[in-house]
Each structure stands twice: as C-alpha cells, then as structure tokens.
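Below, chain A is the first sequence line, B the second, and so on; all start at residue 1. Because the structure is a prediction, the values reported are computed rather than measured.
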Amino acid sequence: RWRRSPGPILVAAMTTSLPEKPTLDGLEAKWGRVWDEEGTYLFDRSATREQVNSTDTPPPTVSGSLHVGHVFSYTHTDTIARFQRMSGKKVFYPMGWDDNGLPTERRVQNYFGVTGDASLPYDPTWQPKHRGNAPKDREAISRRNFIELCEELTTEDEKVFESLWRRLGLSVDWTQTYATIDKNSQRVSQRAFLRMVNRDQAYQLEAPTLWDIDFQTAVAQAELEDREQPGAYHRLAFHGADADVFIETTRPELLAACVALVAHPDDERYQPLFGKTVRTPLFGVDVPVKAHPLAQPDKGSGIAMICTFGDTTDVTWWRELQLPTRAIIGRNGRILADAPEGVNAESYAHIAGKTVKQAQAIVVEQLRESGELIGDPKPITHPVKFYEKGDRPLEIVTSRQWYVRTVLDRDALITRGREVTWHPAYMRTRFENWVEGLNGDWCISRQRFFGVPFPVWYRIDEHGEIDHTDAGRILASEESLPIDPQSHTPPGYTEDQRNKPGGFTGDPDVMDTWATSSVSPQIVGRWEDDNDLFKRVFPMDLRPQGHDIIRTWLFSTVVKSNAEHGVAPWANAAMSGWILDPDRKKMSKSKGNVVTPMAMLEENGSDAVRYWAASARPGVDTAYDTGQMKIGRKLAIKILNASKFVLGITNGAPTSITQVTTPVDRAMLARLSALVEEATAAFEGYDYARALERTETFFWDFCDNYVELVKGRAYGAQGPEAASSAHATLSAVLETLQRLFAPFLPFVTDEVWSWWRTGSIHAQSWPKVSDFLVDGAPVAADLAVYDVAIDVLGWVRRAKTEAKRSMKTAVTLLAIIDTPSRLASFGEARADVCEAGGVAEVSLAESDVASYIATLAAPDDAA
RNA sequence: GGGCGAUUAGCUCAGUUGGUUAGAGCGCUUGCUCGACACGCAAGAGGUCGCAGGUUCGAAUCCUGCAUCGCCCACCA
C-alpha cells in the first residue's frame, strides 16, 4: 500500500514536529501537570474589580457520593470561566468543599461505627476500631472525638474530589480552596451571625418548631418536602352542653394535646358554639370552640380540633387565638411520660412512652370501646411533611432556636433577586415564588455536632437557671472568632464556672449548613480578614448552581448579602439542569444506575465528557448519554487530525490575513469572523452550548468542504501566491477554531496549540472580530463564492456517489445550469472546484432553476 | 389549588425578534481506502413541528383553549 510520507523540507521547517499518529491518550495527565506547574489558572489579585470575573463556586458535599451531575454542571461553569479568562478577565475561580452538617455526620457514623454523645468527656487516646464495614451497633464517643473523625474523613474525601476536578480539567485556582467547616469559614459565619444579632436581624426564640425525631434537630422550612402517606379520617365525638360535636381527624393520637376546636366565623352550623366549651372524648378536657378564617367549612365536618401541635396550621391557630399549650410529643417522637394538666391520667397512661404510631392504635381502640369513635376510620392518602433527609414524618415541638429574619424583608429580597440576571430567566420566578410563600423566619440552629457553633454563652444565675435573655447572653467579640463556646471560656469567667450556678454555659447548637454556605462569597473573598481581596471580587459575577437549591443556597445567600451589604451577592445566577437516566427518569442510586464520574472520564476521555456536558443548554435537564460523549471524542480526534494536516501543509509558518487574496478564502474569512461574533455573543449571554454548537458545525464544514476545496491549491497547484492565500486562511481558521474550542476541550486544544505555538492556549486571547480586519475594515468578500463552490462540489460528489464510483473518478464534463449571479460567483472558485472534484471541463448555462449534468470518466479511464 | 417549563425525524436535540422546499448528530440504507483522519469520507431515506381554534399575505415560531410529561410552591383538620 502506497502512502506518501512528509517531505524532508517540510519537516525541517517545522517549528514543532507533528506526531505521526496523534492520540488523545494521556493528554489529561500531561496537560494537567503543565497547568499546575505553570500556574495557568492562578488568580491575579492585583486586578481591580472591573478587571476581575469572579465565580461563587458551589462547594460540593464531599461526604456525598460523586455524581455524574457534578461533572455536568461544573463543566458548564468551567467553560464560562475559561471564556472570561481568554476574554482578558482576571478570573477568580475558587473551589470549596462542603464538609458541614448531617451528611458528614452520617458518613462518619457509618464509616467508623460511632455515634456522638455530648455528655461524654473527650478521650485524646481514643482510636476508631473500624474503617468502613462498621457494625450496626455504634460506639458512643465524645463530641470532640466525633468532630476529629469528621475532619479526618472529609480531608480524605476532598482529595478524591480534587483529583476528579483536575482530571475533568476545571480551570480552578487550586490555591483558592476552602472548606465550609475550616477556621476561616467558621469565622466568617460567626461574624455574619454576630452582626445580624446586633442589628436584630437574628434572634433567639423558644417556640414550636418543625422537628425531626430521628435526627433530633430542628429543621427549616426550606428543608421540608411533602410525601404522600396513607392515613385515615377518624370521626370523633366531642361532648357539648346540649349535644355532641363531631370532628374528623387524621391524628387521633394527639387528642390528649387538643386545646380547642375551630370553625369558620361564617359557618352557621357552629356559630352557636363559639365561645362555649366542649369536653374532649377519652381525656375529658374542656376546650373552647373558636372561630378562625383559616378553618375550612368544606373540609371534614367543617370543624377541626387544634392540638399542640399537629401541623403548622395548629401553630398559627394556637398563636393567633392565644391558646394554652398541652404538648404530648417529646423530642424523640414518643409520647411524654406525664400527662398535661387536666388530662385524664388513667387514659393517658396507656399511651405514655409510646411512639406516635403505637399511640394512635391505642387511642383508636380506647375510643372504639368508649363509643366516641363514630363509624370506621376512612382511609385516605394525604401529603405529610418530612425532613428531606428524614424517614419519619416531622413533628412540631417547642424548643429554643436561632432565627434569621426573612419574612419582614420579603420586598427587599425580591428586589435583590431582580438585580441578578438569571440564566435561564424563568428561574427567577422560582425564587420569587419561594420568597412570597415564606411563612416564617429562617431557623438556623441545629441540635447536631459537626457544624459551626454559635459564638454565644449564657449566664447561669445563682439558682442554676440559664438566662437566655439579652442580659444573660454573652456574645463573643469579632476579634476572638472563630470560637467554640463548648471549649472556649467567655471573657470574665474561668473554665471551672462552666455549667455551674453563677457561672456560664455555652450555646449547645451548631448552625444549619446553609447558614454557612450562605456566606460563600464572603468566605472565598476573605471578608474582613482581607478586605483588599474582598473588594476586588465582591459582589461576584456568577453564582452557578442547581435549580433545586434556589430556595436554600441561593435564597440564603441573598438573605445574608442583603443583611450585611445591602446588595445582591452576584450579577448573574446560572442554573444547571438535572442529569436523567437514558430513560428520562431522574438518576437515583437506588436504581443502581449511577455511573461513577471517574470511570466515565477514564472511559470516554475528559474532553469527550465535557463535550457532552457543554452540549446541554443552560438549565435544561439532560439524559446521561454516552453516545454524545462518543461524538465529543470523535470531535477531539478530528481536531488532532485536522490540526496535523493543516500544519503539515502550512508548515506552521507565520501568516497574515493580508495574504488572503483569493475570493474563496476571503469568503471563508468573512464566515469565520461571523462565527466569532456569534460564539462571543452566545458566551456573553452564558449560552455556552450555543457557542459550542456553532463552532462545531463550522469546524466540520471547514474540514469536509473548505479544506477539500483548497487542498490542491494549498499544495501549489495554482502557483505560490494562490497557495499562500490558502495557507494564510487555513492558519487563521485553524488558530481561531482552536481558541474557540479551548473552553470546551481544554486538553486537546492545548495539545494541538503546542504543535505550533508557545504558551498555553488557555492564556491566549479570545478571538475578536477585529482580528479579521484588513486596514481597519472587514475583508471584502462575496459569501456566495463559497456557497456556490460547495454546492457545485456537492453535485460532483453526488454524481460520483450515485454512480457508486470512487471520489477520485474524473469528471470529463460538468454542465452547470444556474442563475447568472451564481454562475459569476462560481467563476471565482472554478479552479478550486475543478481541482477538488477532478473536473476536466466545465460548461455553463443560465437558468432560474439550478441543476447540473456531470459526465464521469469511463471506469477504465480511472486506472 | 397556584406557578414554571417541555411537547419538532426511530433516538438526543437545534430552530434568537413570523418569511422562500423545517435542520444537526446518532441510528438506518447505499457506496468510497483521493497527498490528515475508517474514531474517516460521500450520498440517501426518514417529520401533517402534541391537539383544536384564532391573528396574518404568510405560523414550528404570536394569541386562546385543551391534552400529556416534568419541576417548583401551597395553611394538607
């Protein structure tokens, strides 16, 4: 088999030798190392705010499993960061690790087989007995031992994440990393908290709170989700002075906690009862009948029992109607041991200590016996509130918690949201829906171990009572942060006064994970610790995140920024979509269809995976699609081969677009300029997918049509000047395409760039329309020359294909019938078309309708 | 109950202010080893643009209603 090798002259003139057989293998390791060594992505902190583009990178939960969705959305952000960098911005692109909160605690519990117990003393010599595969029965250890394990494990997890991100080619500045539990983050969270307390934007309150009985902590409205659950309407008889009143309830076990009945003020059926009392069945408590507009006449019997507390409506009624409290559910979800005052102790004794579920069965049985249950319970399914990570329904218990004001600031928060440009724009509606639907302030305290503590102590009076009032509260000074009130001593006290009468006690709670994540811009910008840096990066340019956490992370960040700075925290918020199974269902672990990201990268190559991710338009849910990755891989290989070929012809020699003289080449240059304009506009609108798609389409056309068209001329078939025009055009297009692809395919583009240029392509400038001006003006070009040339070349190809003949078959005569204008355009490209198509002779004829007749050489002639 | 998306070829999706025969890739069919690339090249088949009305010279695109799917929110006795 004959194959021509590159001539010695070409090789000698090469600035860099081209590989004989280019490959994608090993590019991730090779270029990842170079970028790291050369500091390609380091932030230049001497830049002013105007010169900076800053990204508020989402800190992934390191204790969670690595998911394909991470790779997907972080790639989107990376393409934008790379575009900004090439556009001349000093890019501030940090990386955070969310090692805060419950996911970490859970993972530590399972991994080491331990459980935290605040009552145990710290044991510095203690060592875990298990690492992975820990048994179910867990060893209780002190809070501090537990936290040490959290830190140990998250450090390991962070390494796994970082290696994945590097492999994926994120252009993160790896000197700018943070963890949501590190000292800096703790200091920023605590400082932001203290300032909100001092401005009365945060406050402590003992009140009914949504409570997870398994995690034994308060949870916030934002962490709730509804789940359809089976239940049943139980019709109960309350005893009035004249007659029984019937209510329907799904929670008969709360009967002992009933404090009133309520009906709508306009409900004539119950108006006579308002102001009177009725006696509860079984427990024999006299409760008032009240009127309230929230009561719905068409629901159940139209009159409801108010318990403390069955749901959030109960809390509203209880507060607005100023009802007494008769709590019966404890923090562990079991019925309290002692009956509330006035409740029949004998009946109560049956349910004391039982779970809610057990208590319900017992109460129903007792009601049945007493005849106060009317008929059989009617089964229904209804939505019940759950903590999003929980397994049992939430209860409402009274507890002391810290809150951040949000309800009163609704208007300001909406305004802040409108200062942000949303991508896609309709996502803003979700934010506004959420803000408008707020029904309480944001509860930020959690009764957990691993998290940022509240920098607060409380005085203990001489009777041993903790003083939670303003006077009794001791706030840490900002200079002392971060502090842990469990191990640090407040000013004016000594450690031996801890938890003693006349002494002090530390706030036992930690902040909700979102209370820390919500200051991510302040954390990465080192607010108050390095205000010189902060003012160069804040407010930030971009918050990328998933649309599922608009009500949590996005919302809470706006709350904090509004409270502290009075501005929106960023100019743009870009929402990425979900990753779905190939069958369009949301990917889930339980279905066993989760692909590990590292395996995905290794199998397909990072550029290919990035191509798949970047092909999805902003905010759109996307199927996991290896087919799309294969296309990306083919594209990357094509870039290798096309670059090798073009550089083989042009020698990699420097060229100038002033050498572009041939009409076909001028048309190509004009098209290239239009591409740059379009790709730039797309990127500026955060539509990376569009920029990629346009560039890709252009590239394949360039390879299949333009290169084929000018190949002969580039080899010198039409003389040196015509060849030089082709060389200059090929070089300009190749260089521009390499740059345009760089944000998407960073590995292969830096590889091909290195074949003929020095420095990383990622440090080069993004192409500009002004790059294609000659003497200050766009290149004079007739775009039709290229279009007609490609049309005619297509006809020649079709004729050969339809005849099932090889593309090298000669065309003895090509008759072109077309409009005068197109025939004229063809004349400008005639030599290239004939060369590329193997056309010996052309005849032209005018007509309004384009057509052609191609006469192919006889098969024998080909030989 | 309120809101937001989506619905275009077998599959995954473009279609940017309404404008000539609706596009791409994958898959499929038929061919082709021309001086880069078989992880390639060429050509081809394949769609009444969810349904029903309306506006317009002209609608995948604008308006109204409906259907299906998905998501967000909701005080759910």
Side-chain angles (χ1 to χ4, degrees), chain A residues 1-7 18 21-24 226 228-229 231 233 247-251 254 261-262 294-296 299-307 310-317 380 382-385 424 426-434 436-437 439 547-548 550-551 577-578 580 582 584-586 615-617 619-623 625 627-628 630-631 633-649 678 681-682 685 687 689-690 693-694 696-697 700 703-704 707-708 711-712 715 794 796-809 836 838:
Chain A
R1 191 163 62 176
W2 183 85
R3 191 183 278 271
R4 183 178 294 192
S5 57
L18 300 174
K21 178 83 180 164
T23 175
L24 298 176
D226 286 350
E228 283 290 332
Q229 296 289 310
Y233 279 129
I247 64 103
E248 296 198 357
T249 179
T250 56
R251 300 206 59 184
L254 289 177
L261 296 191
V262 65
L294 273 184
Q296 294 176 37
K299 201 154 251 173
S301 59
I303 185 163
M305 70 172 184
I306 303 174
C307 304
D311 60 28
T312 51
T313 315
D314 278 346
V315 178
T316 305
W317 280 325
I380 54 159
H382 62 152
V384 175
K385 287 198 188 306
Y426 61 77
M427 289 294 181
R428 196 189 76 200
T429 310
R430 296 201 184 178
F431 173 77
E432 296 191 356
N433 276 355
W434 174 253
E436 282 158 5
N439 56 23
H547 55 67
D548 53 321
I550 288 174
R551 67 175 181 171
W578 289 106
L580 309 172
R584 311 299 300 166
K585 297 279 182 246
K586 191 179 160 187
S615 301
R617 304 195 112 67
V620 176
D621 293 347
T622 302
D625 185 357
Q628 197 67 8
K630 288 197 174 71
I631 296 164
R633 186 169 177 85
K634 286 182 182 180
L635 173 63
I637 291 168
K638 190 78 173 179
I639 289 171
L640 286 177
N641 286 310
S643 297
K644 179 193 164 198
F645 179 62
V646 167
L647 294 176
I649 292 179
E678 195 171 12
D687 194 349
R690 185 184 187 82
E693 191 247 2
R694 294 307 147 109
E696 183 189 11
T697 301
W700 285 99
C703 290
D704 296 341
V707 168
E708 293 303 323
K711 198 184 260 185
Y715 275 119
V796 171
R797 287 166 168 169
R798 190 185 306 160
K800 294 176 183 179
T801 299
E802 283 173 353
K804 300 195 174 181
R805 300 284 298 279
S806 156
M807 282 298 131
K808 68 184 174 191
T809 306

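The CG atom of A:D687 sits 16 Å away from the P atom of B:C13 (whole-angstrom rounding). Atom CZ of A:R633 is separated from atom C1' of B:A38 by 15 Å (rounded to the nearest Å). Rounded to whole angstrom, the span from the CZ atom of A:F645 across to the P atom of B:A38 amounts to 14 Å. The interatomic distance linking A:D621 (CG) with B:G5 (P) rounds to 14 Å, in whole Å.
Partner of A:W578 under the side chain to side chain contact (heavy atoms under 4.5 Å, CB included) criterion, chosen from A:T622, A:D548, A:V620: A:D548.
Within 4.0 Å (heavy atoms only), A:L294 reaches at least one base atom of the nucleic acid. Residue A:A295 is classed as a base contact, given a heavy-atom separation below 4.0 Å to a base. At a threshold of 4.0 angstrom between heavy atoms, the contacts of A:R617 are confined to the sugar-phosphate backbone, with no base atom among them. Using a 4.0 Å heavy-atom cutoff across all strands shown, A:E696 reaches no nucleic acid atom at all. Base contact: A:R694 has a heavy atom under 4.0 Å from a base atom. The residue A:T250 sits close only to the backbone: its heavy atoms come under 4.0 Å of sugar-phosphate atoms, none of a base. Among the heavy atoms of the strands, none lies under 4.0 Å from A:Q628. Heavy atoms of A:N439 sit under 4.0 angstrom from primed sugar atoms or phosphate atoms, though from no base atom.
The side chain of A:N641 has B:C37 as its nearest neighbour among B:U12, B:G3, B:C37. In this structure, of B:A36, B:G25, B:C75, it is B:A36 that holds the atom nearest to the side chain of A:V707. When the nucleotides B:C71, B:C73, B:A77 are ranked by their closest atom to the side chain of A:K299, B:A77 comes out on top. The nucleotide whose nearest atom lies closest to any side-chain atom of A:D226 is, among B:C32, B:A74, B:G25, B:A74. Listed candidates were B:U30, B:C34, B:A36. Nearest to the side chain of A:K804 is B:U30.
Note on A:K21: a side-chain N or O is less than 4.0 Å away from OP1 or OP2 of B:A38. Not one side-chain nitrogen or oxygen of A:K634 sits closer than 4.0 Å to the OP1 or OP2 atom of B:C37. At the phosphate of B:C72, neither OP1 nor OP2 sits under 4.0 Å from any side-chain N or O atom of A:N433. OP1 and OP2 of B:C32 both lie 4.0 Å or more from every side-chain N or O belonging to A:K808. At B:C4, none of the side-chain N or O atoms of A:H547 fall inside 4.0 Å of OP1 or OP2 (strictly under the cut-off).
With a 3.5 Å ceiling on both atom-pair distances, B:A59 lacks any Watson-Crick or G-U wobble partner. Using the Watson-Crick or G-U wobble rule with both distances under 3.5 Å, B:G65 pairs with B:C51. Applying the Watson-Crick and G-U wobble criteria (two distances, each under 3.5 Å), B:U33 pairs with nothing in any strand. Judged by Watson-Crick or G-U wobble contacts below 3.5 Å, the nucleotide B:A14 has no partner. The partner of B:G1 is B:C73, judged by Watson-Crick or G-U wobble contacts that both fall below 3.5 Å.
Here the side chain of A:K800 pairs a donor or acceptor atom with the backbone of A:T809 at under 3.5 angstrom.
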Sub-3.5 Å pairs of nitrogen or oxygen atoms, protein against nucleotides 41-44 of chain B:
residue, atom, partner, partner atom, Å
B:C41, OP1, A:K638, NZ, 2.8
B:C41, OP1, A:D704, OD1, 3.1
B:A42, O2', A:T801, OG1, 2.6
B:G44, OP1, A:R798, NE, 3.4

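When each of A:S643 and A:W317 is assigned the nucleotide of RNA chain B with its nearest heavy atom, A:S643 is the one assigned upstream, toward the 5' end. In this structure, A:E693 and A:G437 both approach RNA chain B, and ranking their closest nucleotides by distance from the 5' end singles out A:E693.
Both thresholds, 5.5 Å between centres and 30° between ring planes, are met by A:Y715 relative to the base of B:G35, so the two rings are stacked.
To the nearest 0.5 Å, atom CG of residue A:L640 and atom CG of residue A:L18 are 11.0 Å apart.
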